Amino acid sequence: MLDFLTPFWNNFIFNPMVNVLMWIYAMLTQVSLPGAFGIAIILFTILVRVITHPFYAQSQKAMKKQQELMKSKEWADMQKKYAKDREKLAQEQMKMYQAAGVNPLGGCLPALIPWPIMIGLYQSITYAMGAQPEQLLELAKHLYSFLPELAAAVPVNSSFLGLNLAGVPDGFGYIIPALVLATTWIQQKMMTMPAADPQAQQMNQSMQLMMPLFIGYISLSFPIGLSLYWIVFNIIGIIQQYMTSGWGNLFPARAPVSKGKK
Amino acid sequence: MTTLKSTRSALTLFAILATAFLLMGCGAPPATGWSSARVVDQSIFIGTTSGKVIALNIADGTVKWQFPTDRVLGSIYATPAVVNGIVYVGAFDHKLYALDAATGAQKWVFDATAPIVSSPVVGNGVLYFGANSKKIYALDAVTGAKKWEFATNAEVWADPTLAGDTLYAPSLDHRLYALDAATGAKKWEFNAGGIIVTKPAHADEMVYIAGLAKVYALDAATGAKKWEFDASNWVWTNPTIVNGVMYFGALDGTVYAVDAKDGKLKWNAPFKAGDAVRSPITIENNIAYFGSDDFKIYAVDTATGQSKWTRSTNARVLAAPSIANGVLYVKSHDHLLYALDAVTGQAKWALNTSDAKLVTPVPGSVK
């Protein structure tokens, strides 16, 4: 159904990403670095996170602005005043958002932009590992022919810190899904804004639990290399989140006050 | 506020679910295998895209037996070998199975400890194949007992070729190994500079192998390079040699015919399919038959490189066509095994290998 998007996706997202990943790996193998593909995944994930940082920062800025507005006395007064008239309340909220220059969806939309890139990253790692013959066949079709060193680096050596990045977790490897779950939970917890409304608060709480459980569960059946990407992705997200908003909802009492705030 | 919160939560939930589905669905192409049909006497033996080995009546495609009946073997990339009434086939479930060709009953099984992609070859009572355990195995074809194994440095996907007392076995470690077929001792090795996924071809004291976008002609006795040919893209088809001409395809859809002696092009211009040609090329009565990622099966005149006919299917065609008594048998990734008139491309019948039922009418068209 979405076949018409395939050339765009391949030429502008997937092909550049998979070639950059393979180029990093090829460079690392030239210096005989052990665990080169694991390191390539880490470096590549950091690179993608850095490139998508402006979207992330914009999203955080919008969310923070909205959070501050919702803590104001005017907002609380409005909630009380129109508590019984939800339609009027919604109208007044929109007015207040407009007056304060806040887009209520401004926290979400910029945050969604990096998601296709994340999917491209995931796809690149999957193809590069070539756990199934079809993946290697597809990889062969996407590597740039003007960079012959990329093709010569195939197949990737998927050994990293005693783990097989192309294999699913077993034995000691179960630590990987546990780390996926833990880092996803921490990042979710830090990002979630406390909600005054009990219904919204309840939804937030279930999201905080469901998302890490879901991601942790599916990582049990994914190659470890993908989980490594997910862990690094989360850790960088946690660092970015700490730098912009402190520990947030993870340690509410210890959340630092912004430097510029009086 | 509740409305906005709900909208935001719903958006987040949608993004999570959409991403989860995309990660699961778009992360990788499905592993369905590309086993080709083996035609022996009045039967066709093939590994299905649903993970079973089936035997069919050559005349009408009715199923004689399927193995196993109570489970699936995982993806089957290997083409079955049939010798002395025994069918040999490896699967992604790490096992190589020996089955009774008449009944499908299991005679013995060998655990290679890793997925098997390579098709087995049999000669002098010995079965040879490679596996993802990075090894090449030689087994007693009757009992399944291991005679020797040879360790390479990467997975072995390509089918080995047996010529005289030498086994030519490529590995993803970029090397072609020439091994003593009786002992597994290495005679020589050749580094192709990239993964080798194609079965070597042997003819007139020469062995031919594709590595990345090159095809090499080597002295079969010493491994010394005689000539090399630069293709326009990676070569994933097994080189096929008939009457001194070698035929192979590349991942950009180009199909070449070159002189096996010196690597010079035979056709005025290479044939161009609509997408990658991965399917090995079968030659019969001066016609080259092959499939492509453009969902089509091609019949090309070997003298001129011009198209004789083209037939569409519903998915890419990775398996090698087999031919017997003027009928071409070729499996597409649409799960169908097509029986086509080799001269016209018209369908005689088609079998859905996922449920072993004949399909009427047969989809696709001929040009």
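Predicted model, so just to flag it, every value in this text is computed and none were measured.
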Q) Which bit of B:Asp275 is near chain A, if near means a heavy-atom gap under 4.5 Å: side chain, backbone, both or neither? A) side chain

Q: Look at the rings of B:Trp236 and B:Trp234 and say which category their plane angle falls in: under 30° parallel, 30 to 60° tilted, over 60° perpendicular.
A: parallel

Q | Structural part of A:Leu143 lying under 4.5 Å from a heavy atom of chain B | A | side chain

Q | Set of residues satisfying salt bridge (charged side-chain N to carboxylate O under 4.0 Å, His left out) with respect to B:Arg175, sequence neighbours excluded | A | B:Glu189

Q. Who passes side-chain hydrogen bond (donor to acceptor under 3.5 Å, both in side chains) against B:Thr240, sequence neighbours left out?
A. none

Q: Please work out whether the ring planes of B:Tyr208 and B:Trp227 are parallel, tilted or perpendicular, with thresholds of 30° and 60°.
A: tilted

**Q.** Under 4.5 Å from any heavy atom of chain A - which part of B:Asp252
**A.** neither

**Q.** Test log, rule salt bridge (Lys or Arg N to Asp or Glu O under 4.0 Å), inputs B:Glu155 and B:Lys134
**A.** CA-CA 4 Å; B:Glu155 291 83 351; B:Lys134 305 182 181 178; 5.7 Å; no

Q.
Can you tell me which of A:Leu137, A:Val154, A:Asn157, A:Leu226 forms the most heavy-atom pairs within a distance under 4.5 Å of chain B?
A. A:Leu137

Q. So which part of B:Ile195 gets closer than 4.5 Å to some heavy atom of chain A, the side chain, the backbone, both or neither?
A. both

